[in-house]
Amino acid sequence: MPRVGSYLCEDSDVIDVNLLFSLDERRIRIITGDAKGRVHMTCQRCLEAVQVDVQAEFNLAIAFNEEKAKQLPRYYDPLIVEDEEIELLHVIEEELILSLPLVPYHTDCSIQTQFGDADMAEKPENEKPNPFKVLAQLKANKK
């Protein structure tokens, strides 16, 4: 699945897909099922790999044009098929992309906030005198 793979940072992830093709009580062709797995995406805080659980549910009704799709019951998602064949890989890919988080991140991510020498960051070389220091001394002497 090349489109889903563009969201992932590892190629070795496995997703299990179960699909059931049937007719409902109104004789509508439907596809039901799910796709589950764990994938590795790039954490948006630390830019390391984070493991994400994905789960997509399928409840699709096959329609041959837009008019037929509008007539389907609301509890089905329409799958418009203009030819006799269905590209299931594209359908599964779309559902998986929709189930991925927009911003993947670790819950306990440690982000580096300082770079370089810590001593240099604490004390700058040319420290300017505080102009309000004199006022603080006068206020303390007045008491």
Side-chain angles (χ1 to χ4, degrees), residues 1-137 139-140 143:
M1 291 189 265
R3 290 188 53 219
V4 173
S6 67
Y7 292 91
L8 308 179
C9 63
E10 291 183 14
D11 292 335
S12 62
D13 296 323
V14 176
I15 297 173
D16 295 322
V17 179
N18 298 312
L19 296 176
L20 175 66
F21 301 86
S22 61
L23 295 173
D24 71 352
E25 63 277 351
R26 295 176 61 185
R27 310 282 301 160
I28 299 172
R29 297 176 187 170
I30 59 171
I31 302 172
T32 57
D34 62 358
K36 298 178 186 176
R38 286 193 171 157
V39 296
H40 291 85
M41 299 178 74
T42 303
C43 174
Q44 297 302 302
R45 291 182 181 163
C46 67
L47 301 177
E48 298 292 326
V50 60
Q51 192 174 39
V52 177
D53 291 328
V54 291
Q55 181 173 356
E57 300 287 328
F58 300 97
N59 192 24
L60 305 170
I62 297 174
F64 293 105
N65 56 39
E66 288 284 334
E67 287 300 316
K68 297 279 186 185
K70 290 178 184 177
Q71 297 172 0
L72 291 172
R74 295 276 181 204
Y75 47 87
Y76 290 127
D77 293 327
L79 174 63
I80 299 173
V81 179
E82 295 179 0
D83 299 334
E84 290 284 325
E85 296 179 10
I86 300 173
E87 277 290 328
L88 286 178
L89 182 63
H90 296 301
V91 174
I92 295 167
E93 239 181 349
E94 290 293 324
E95 292 294 327
L96 286 173
I97 289 171
L98 290 173
S99 70
L100 292 174
L102 291 176
V103 182
Y105 58 89
H106 293 104
T107 55
D108 58 347
C109 214
S110 62
I111 303 171
Q112 183 178 1
T113 57
Q114 291 184 346
F115 298 95
D117 294 335
D119 296 334
M120 294 293 286
E122 290 177 9
K123 187 176 178 183
E125 282 184 26
N126 51 358
E127 187 175 317
K128 294 182 180 180
N130 187 352
F132 298 105
K133 189 175 184 181
V134 175
L135 292 175
Q137 290 174 351
K139 189 175 179 182
K143 289 183 183 180

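For this chain, numbers begin at 1 and follow the sequence in order.
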Requested in this report: Name all residues meeting the side-chain contact (heavy atoms from CB on, under 4.5 Å) criterion together with Val134; count only those two or more places apart in sequence or in a different chain, and write none if there are none.
Outcome: Leu138
Checking [X] now: which residues fulfil salt bridge (Lys or Arg N to Asp or Glu O under 4.0 Å) with it, not counting sequence neighbours?
X: Glu94; answer: Arg3
X: Asp77; answer: none
X: Arg38; answer: Asp53

Query raised in the report: Please walk me through it: do Val39 and Ile15 pass side-chain contact (heavy atoms from CB on, under 4.5 Å)?
Result: CA-CA 8 Å; Val39 296; Ile15 297 173; 4.0 Å; yes
Report task. Please list, chain by chain and in numerical order, all residues satisfying side chain to side chain donor-acceptor pair (under 3.5 Å) with Asp24, sequence neighbours excluded. Result ->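 For Asp24 the side chain to side chain donor-acceptor pair (under 3.5 Å) partners, ignoring immediate neighbours, are Tyr76.
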Can you name the closest pair of heavy atoms from [X] and [Y] and give their distance?
X: Leu100; Y: Met41; value: CD2-SD, 4.0 Å
X: Tyr105; Y: Val103; value: CD2-O, 3.1 Å
X: Thr42; Y: Val50; value: C-CG1, 4.3 Å
X: Pro73; Y: Ile28; value: CD-CD1, 3.8 Å

Query - Leu96 vs Val17, side-chain contact (heavy atoms from CB on, under 4.5 Å): CA-CA, chis, key distance, verdict - result: CA-CA 10 Å; Leu96 286 173; Val17 179; 5.5 Å; no
**Report entry** Other residues, nucleotides, ligands: >12 heavy atoms within 6.0 Å of Gln71 CD
**Finding:** yes
Query raised in the report: Please walk me through it: do Ile86 and Leu79 pass side-chain contact (heavy atoms from CB on, under 4.5 Å)?
Result: CA-CA 9 Å; Ile86 300 173; Leu79 174 63; 4.2 Å; yes
Report task. Look up atom NE2 in His90 and atom CG in Leu88, then write down how far apart they are to the nearest 0.5 Å. Result -> 10.0 Å
Show me, pair by pair, the donor-acceptor contacts under 3.5 angstrom made by side chains of residues 54-67, not counting sequence neighbours?
| from | atom 1 | to | atom 2 | distance (Å) |
| --- | --- | --- | --- | --- |
| Gln55 | NE2 | Glu57 | OE2 | 2.8 |
| Asn59 | ND2 | Tyr75 | O | 2.7 |
| Asn65 | OD1 | Glu67 | N | 3.2 |
| Asn65 | OD1 | Lys68 | N | 2.8 |

